[in-house]
Amino acid sequence: QVQVGESGGGLVQAGGSLRLSCAASGRTFSGYTVGWFRQSPGKERDFVAAISWTGNTTYYADSVKCRFTISRDNAKNTIYLQMTNLKPEDTAVYYCGVHVYVGPYYSPNDYTHWGQGTQVTVSS
């Protein structure tokens, strides 16, 4: 069974950058699309970005297009989320998950193997 762990979060000023990592252990992400989501207190878990197994196809929420870049290194079983030009509204706990069901890539209900999340806080 895949176990997932996120890292790389922190406190950054608006306009700054962070790179999040999502590492798999136990088994690999082999064959799966992997996605990043974020959740603020009292809000639902929202889609941020996803990447296909080959890395050839990526998806982004409109709110992060042109600022965030998702990538993967299958040899390291790791997915990355490079975040630039961060805004206070990007503040949230960021989670990665494995898209194991047949529903849309932007629905958290079609993902499993969530990690514990990593906090991103952007100050104004």
Side-chain angles (χ1 to χ4, degrees):
Q1 183 169 343
V2 175
Q3 292 180 320
V4 172
E6 303 92 340
S7 62
L11 173 63
V12 64
Q13 288 187 332
S17 300
L18 284 173
R19 189 177 81 155
L20 306 184
S21 298
C22 170
S25 61
R27 289 185 60 183
T28 69
F29 289 128
S30 178
Y32 291 105
T33 291
V34 177
W36 282 99
F37 288 74
R38 63 189 181 186
Q39 189 168 21
S40 300
K43 295 186 177 181
E44 295 183 347
R45 190 166 294 191
D46 292 330
F47 171 73
V48 175
I51 187 167
S52 63
W53 158 239
T54 62
N56 289 339
T57 303
T58 56
Y59 310 91
Y60 295 95
D62 288 343
S63 60
V64 307
K65 279 181 181 177
C66 299
R67 298 190 299 123
F68 291 11
T69 302
I70 190 170
S71 61
R72 67 191 298 162
D73 185 337
N74 289 334
K76 296 182 178 179
N77 294 322
T78 303
I79 312 298
Y80 302 100
L81 185 68
Q82 178 68 48
M83 306 186 295
T84 63
N85 191 21
L86 282 160
K87 303 176 180 181
E89 51 264 43
D90 294 319
T91 295
V93 177
Y94 283 69
Y95 299 89
C96 66
V98 182
H99 188 248
V100 300
Y101 300 117
V102 297
Y105 61 86
Y106 52 79
S107 171
N109 296 327
D110 292 288
Y111 287 76
T112 63
H113 303 104
W114 297 103
Q116 79 289 349
T118 185
Q119 175 71 48
V120 172
T121 303
V122 184
S123 63
S124 57

Quiz item: Measuring from Q82:CD to L20:CG, what's the distance to the nearest 0.5 Å?
Solution: 8.5 Å
Quiz prompt | Heavy-atom closest pair, residues C22 and W36 | solution = CB-CZ2, 3.5 Å
Practice problem: Might you point out which heavy atoms bring N85 and R67 nearest each other, and give the distance in Å? | Solution: O-NH1, 3.0 Å
Quiz item: Taking the six-membered ring for Trp, are the ring centroids of Y111 and Y95 within less than 6.0 Å of each other?
Solution: no
Self-check item: Between OG1 on residue T33 and CZ on residue R72, distance to nearest 0.5 Å
Solution: 7.0 Å
Self-check item: Check: S30 and W53 side chains under 4.5 Å, non-hydrogen atoms
Solution: yes
Quiz item: M83, V122: one ILVMFWY side-chain cluster at the under-4.5 Å cut-off?
Solution: yes
Quiz item: Taking atom CZ of R19 and atom OG1 of T69, what is their separation to the nearest 0.5 Å?
Solution: 11.5 Å
Exercise. Write down the atom of P104, the atom of H99, and the distance for their closest heavy-atom approach.
Key: O-NE2, 3.6 Å
Quiz prompt | Considering all heavy atoms, the nearest N56-S52 contact | solution = N-OG, 3.4 Å
Quiz item: Could you state the interatomic distance from CG (N74) to OH (Y32), rounded to the nearest 0.5 Å?
Solution: 13.5 Å
Quiz item: Out of curiosity, does L11 fall in the hydrophobic cluster containing L86 (side-chain heavy atoms, cut-off under 4.5 Å, transitive links)?
Solution: no
Quiz prompt | Same apolar cluster (I L V M F W Y, side chains within < 4.5 Å links), I70/W114 | solution = no
Quiz prompt | Approximate separation, where rounding is to 0.5 Å, of S25 OG and N77 CG | solution = 9.0 Å
Quiz prompt | Euclidean distance, T91 OG1 relative to R38 CZ, rounded to 0.5 Å | solution = 9.0 Å
Quiz prompt | Closest contact, heavy atoms only, Y106 versus P108 | solution = O-CD, 3.5 Å
Quiz item: Are V12 and V48 in one and the same hydrophobic cluster, where Ile, Leu, Val, Met, Phe, Trp and Tyr link if side-chain heavy atoms are under 4.5 Å apart?
Solution: yes
Quiz item: Is there a donor-acceptor pair under 3.5 Å between the side chain of E6 and the backbone N or O of G115?
Solution: yes
Quiz item: Does CD belonging to Q13 count more than 12 external heavy atoms closer than 6.0 Å?
Solution: no
Practice problem: Taking all non-hydrogen atoms of both residues into account, name the closest pair between F29 and I79 and its distance. | Solution: CE1-CG1, 3.8 Å
Practice problem: Please answer: with hydrophobic residues joined when any side-chain heavy atoms are less than 4.5 Å apart, are Y60 and F37 in the same cluster? | Solution: no
Quiz prompt | D90/K87 ion pair, N-O < 4.0 Å | solution = no
